[in-house]
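Written out below as structure tokens is the structure these notes cover.
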Amino acid sequence: QVQLVESGGGLVQPGGSLRLSCAASGSILSINTMGWYRQAPGKQRELVATITSGGRGNYADSVKGRFTISRDSAKNTVYLQMNSLKPEDTAVYYCNADRIVDRRHRISYDCWGQGTQVTVSP
């Protein structure tokens, strides 16, 4: 009943910036931790950043100082501001929510979006 939809991916030059958005749709009451993961060709999916319902962020070492995760709980949306992008950031980026409660108090665990492509290339 709940869906996550990512947007904002695209092609950008090294050193450029991109802002990803992920909106959860449905009759949502609450969402706990949300996060961004990415998967490059031939590699496993890896954590990029997470943010708790209280706004505490956690980042992979590879993106610290360059990426910023934020959320707007009223809109059930999480964002990823990506600056100083590098070719190694190229991947499909996926949005995740670990626990979602809808207004009928039904609980969904480990929800994923469909992914959005980010390509960093000259």
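- Arg38 is listed as a side-chain neighbour of Asp89, based on a closest heavy-atom distance under 4.5 Å.
- To the nearest 0.5 Å, the span separating CD on Gln114 from CD on Gln3 amounts to 9.0 Å.
- Counting heavy atoms from C-beta outward, Leu18 and Val118 have side chains that approach closer than 4.5 Å.
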I'd like a table of donor-acceptor pairs (distance under 3.5 Å, sequence neighbours excluded) in which one partner is a side-chain atom from residues 55-64, with atom names and distances.
{"unit_1": "Tyr59", "atom_1": "OH", "unit_2": "Ile69", "atom_2": "N", "d": "2.9"}
{"unit_1": "Asp61", "atom_1": "OD1", "unit_2": "Lys64", "atom_2": "NZ", "d": "3.2"}

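- Taking 4.0 Å as the cut-off between side-chain N and carboxylate O, Arg99 and Asp110 do not count as a salt-bridged pair.
- Contact annotation: the side chain of Ile28 approaches that of Val2 to within less than 4.5 Å [non-hydrogen atoms, C-beta and beyond].
- By the 4.5 Å side-chain criterion applied to Ile, Leu, Val, Met, Phe, Trp and Tyr, Val5 is assigned to no cluster and stands alone.
- In this structure a side-chain-to-backbone donor-acceptor pair under 3.5 Å is missing from Arg103 to Leu29.
- Side-chain N/O atoms of Arg45 and Tyr37 include no donor and acceptor closer than 3.5 Å.
- Under a cut-off of 6.0 angstrom, the local environment of CD in Glu88 is crowded, with over 12 non-hydrogen atoms contributed by other residues, nucleotides or ligands.
- Annotation: side chain of Trp36 is not in contact with side chain of Asn96 (no heavy-atom distance under 4.5 Å).
- With contacts defined as side-chain heavy-atom distances shorter than 4.5 Å, the pair Asp98/Tyr109 does not qualify.
- With Tyr79 as the aromatic partner, Arg71 does not meet the cation-pi criteria of under 6.0 angstrom to the ring centre and within 45 degrees of the ring axis.
- Taking each heavy atom of Ile100 and Cys111 in turn, the nearest pair found is CD1-SG, 3.8 Å.
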Stepwise side-chain contact (heavy atoms from CB on, under 4.5 Å) check, Cys95 with Met34: CA-CA 7 Å; Cys95 177; Met34 300 186 76; 4.2 Å; yes
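- Heavy atoms of other residues, nucleotides or ligands lying less than 6.0 angstrom from CD of Gln39 number more than 12.
- Of the N and O atoms on the side chains of Ser17 and Asn83, at least one donor lies less than 3.5 Å from an acceptor on the other residue.
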